[in-house]
Number of protein chains: 2
Amino acid sequence: MHASSASIPSRGFNLPAGLQAKGMLRPRPVTFHAAGAEIYGQGEQAGVLFKIEYGAVRIYRLLADGRRQVVAFHIKGETFGFDAWNVRSFYAEAIAPTGLTTVEADADGRYSPDLMALALRSMVRAQEHLLVVGRQSALEKLAVFLVDLDDRQGHDGIIDLPMTRTDIGDYLGMTIETVSRSLSKLKDMGVLRLKSTRCLEVLNGSKLRALSA
Amino acid sequence: MHASSASIPSRGFNLPAGLQAKGMLRPRPVTFHAAGAEIYGQGEQAGVLFKIEYGAVRIYRLLADGRRQVVAFHIKGETFGFDAWNVRSFYAEAIAPTGLTTVEADADGRYSPDLMALALRSMVRAQEHLLVVGRQSALEKLAVFLVDLDDRQGHDGIIDLPMTRTDIGDYLGMTIETVSRSLSKLKDMGVLRLKSTRCLEVLNGSKLRALSA
DNA sequence: CGCCCCATTGAGACGTTTCAATGGATGTGG
DNA sequence: CCACATCCATTGAAACGTCTCAATGGGGCG
């Protein structure tokens, strides 16, 4: 369940220890992860960042009573794996067949604006997610989620859902049934059409965006 | 819903030299901000970080319908102001008389491990906040909030609440009435005692922590 | 002292969760 | 290739918890 290579962090928080050479110039091996495969687990040694070549990943934590909170989804082109300490705070799992490469920091142990920007973007994304999870109705939450996904997938109105309804519910803080009911409601409102359970087409983007305001 | 009353925002100003806190290498000016004063606003130029010498700060965003989501509270000793772009994504306001010093990025635009660690810690804190807001009951949310505050204030069981009930509600994703009712419930359960509306004493820490599991 | 803002408490409305049953897609073995 | 098992998704009805609306109480500050 753990295809990634172990890392040896040299500092008190998770950023990759420096590589000898400038990594961008060297071909990186792509590790493959089947759907459902764990990439890293809470409590494991942290240190490596991952960039998604293809596929999708969920970041989550299990609560004491078995409930699960998904804190982020990442798709093709995105980078994940930031941690504040040298131990993973969350689980990362592939939710579809996924290929990953690793990302390293600069050799001198200091961090480029690019890497910092990626970390900060993760932070802001988490904070913005709070706006959604904390304060909105089920329908609004789902609208925000779909708009966000559409934006990240190319604004073309065709939204691929690599994750299950359960994943969506655990991400938005609602039950699978409410996710399903809300999707049906959006369908009844003429906002979207389900091409299949895992792929939908936006029919009325402005109405969808109005809901996610 | 219930956006809190925004008092007249006044910018911070520098204290006389005699009142400045001693910096590490050279003395940094401490700017003072009255309770309710805006420190920065969404859309402003970003880049400067702030360290809290005394007081407390709320980080929040206003939603289109006037609702407000507080994404973080910061207290004495903590650093805030990280942003993913060169524009502020959130508002920062003092919620009590507050003194701030500034923290600068390195001159060459790259980032020290210490600074990166602070940013990553902010990120993880935001993600952990998601666990609370998304998945828990009102009583559990409040318990988590109080335990966190106690930990950050010295584990002594005396919890100072610099923020209003409205702030707490906007942070935990619930109404002011539910905050109040939950506090009363914790009181009735013998978990805590209200020394005043803004200060409470934990009587049964293990029960409080059990609730926040 | 009195005003104002904040906090508390109550009762009913509303939305989400829970429990339960059905439907649909996928994959495996006979 | 079909039968069947399994997992995921949809839909319904009732229970529950939070929100809303409303009134009262209390503390700080002019």
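Every chain is numbered from 1 and lettered A, B, ... according to where its sequence line falls, protein lines coming before strand lines.
- Taking the ring pair (Phe, Tyr, Trp, His ring centres under 6.0 Å) definition, one finds that A:Y60 meets it with A:Y91, sequence neighbours left out.
- Between the CG atom of A:L142 and the P atom of C:dG15 there is a distance of 17 Å, rounded to whole Å.
- Residue contacts shown for A:G169 are absent, as no nucleic acid heavy atom lies under 4.0 Å away.
- Atom CG of A:L200 is separated from atom P of D:dT10 by 10 Å (rounded to the nearest Å).
- For residues 188-212 of chain B, the set of pairs meeting the ring pair (Phe, Tyr, Trp, His ring centres under 6.0 Å) definition, not counting sequence neighbours, is empty.
- Within residues 59-74 of chain A, no residue has any heavy atom closer than 4.0 Å to DNA chain C.
- The nearest whole Å value for the distance from the CG atom in A:D170 to the P atom in C:dT17 is 11 Å.
- Ring geometry, A:Y40 versus A:F80: the interplanar angle falls from 30° to 60°, so the pair is classed tilted.
- Judged as a ring pair (Phe, Tyr, Trp, His ring centres under 6.0 Å), not a single pair has a partner in residues 187-213 of chain A (not counting sequence neighbours).
- With sequence neighbours excluded, the residues satisfying ring pair (Phe, Tyr, Trp, His ring centres under 6.0 Å) with A:Y171 are A:F73, A:H129, A:F145.
- Applying the side-chain contact (heavy atoms from CB on, under 4.5 Å) criterion to B:L194, with sequence neighbours excluded, gives B:R165, B:K187, B:L192.
- One interatomic measurement links the two molecules: CD of A:Q136 to P of D:dC19, which rounds to 14 Å at whole-angstrom precision.
- Contacts between residues 174-192 of chain A and DNA chain C, defined by a heavy-atom separation under 4.0 Å, are made by A:M174, A:T175, A:E177, A:T178, A:R181.
- Look at A:R198 and you'll find a side-chain N or O under 4.0 angstrom from OP1 or OP2 of D:dA9.
- Among residues two or more places apart in sequence or in another chain, the side-chain contact (heavy atoms from CB on, under 4.5 Å) test is passed with B:V48 by B:F50, B:R88, B:T102.
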Might you list the N or O atoms of the protein lying below 3.5 Å from N or O atoms in nucleotides 24-30 of chain D, with each pair's distance?
none

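- The side-chain hydrogen bond (donor to acceptor under 3.5 Å, both in side chains) analysis of residues 152-163 of chain B, with sequence neighbours excluded, yields the pairs B:E78-B:R152, B:D148-B:R152, B:D151-B:H155.
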Determine, step by step, whether A:R68 and A:D167 satisfy the salt bridge (Lys or Arg N to Asp or Glu O under 4.0 Å) criterion, reporting the C-alpha distance in whole Å, the side-chain angles of both residues, the deciding distance to 0.1 Å, and the verdict.
CA-CA 9 Å; A:R68 192 184 66 157; A:D167 284 329; 2.6 Å; yes

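- Atom-to-atom, CG of A:D167 to C1' of D:dC7 comes out at 14 Å; the value is rounded to the nearest Å.
- Under the side-chain hydrogen bond (donor to acceptor under 3.5 Å, both in side chains) criterion, the residue pairs touching residues 198-208 of chain A are A:R193-A:E201, A:N204-A:S206, with sequence neighbours excluded.
- The residue A:L194 sits close only to the backbone: its heavy atoms come under 4.0 Å of sugar-phosphate atoms, none of a base.
- Distance CZ (A:R165) to P (D:dT11): 11 Å, rounded to an integer number of Å.
- Not counting sequence neighbours, the partners of B:R181 by the side-chain contact (heavy atoms from CB on, under 4.5 Å) test are B:E177.
- Remark: C1' of C:dA7 and CG of B:L161 are 12 Å apart, rounded to the nearest angstrom.
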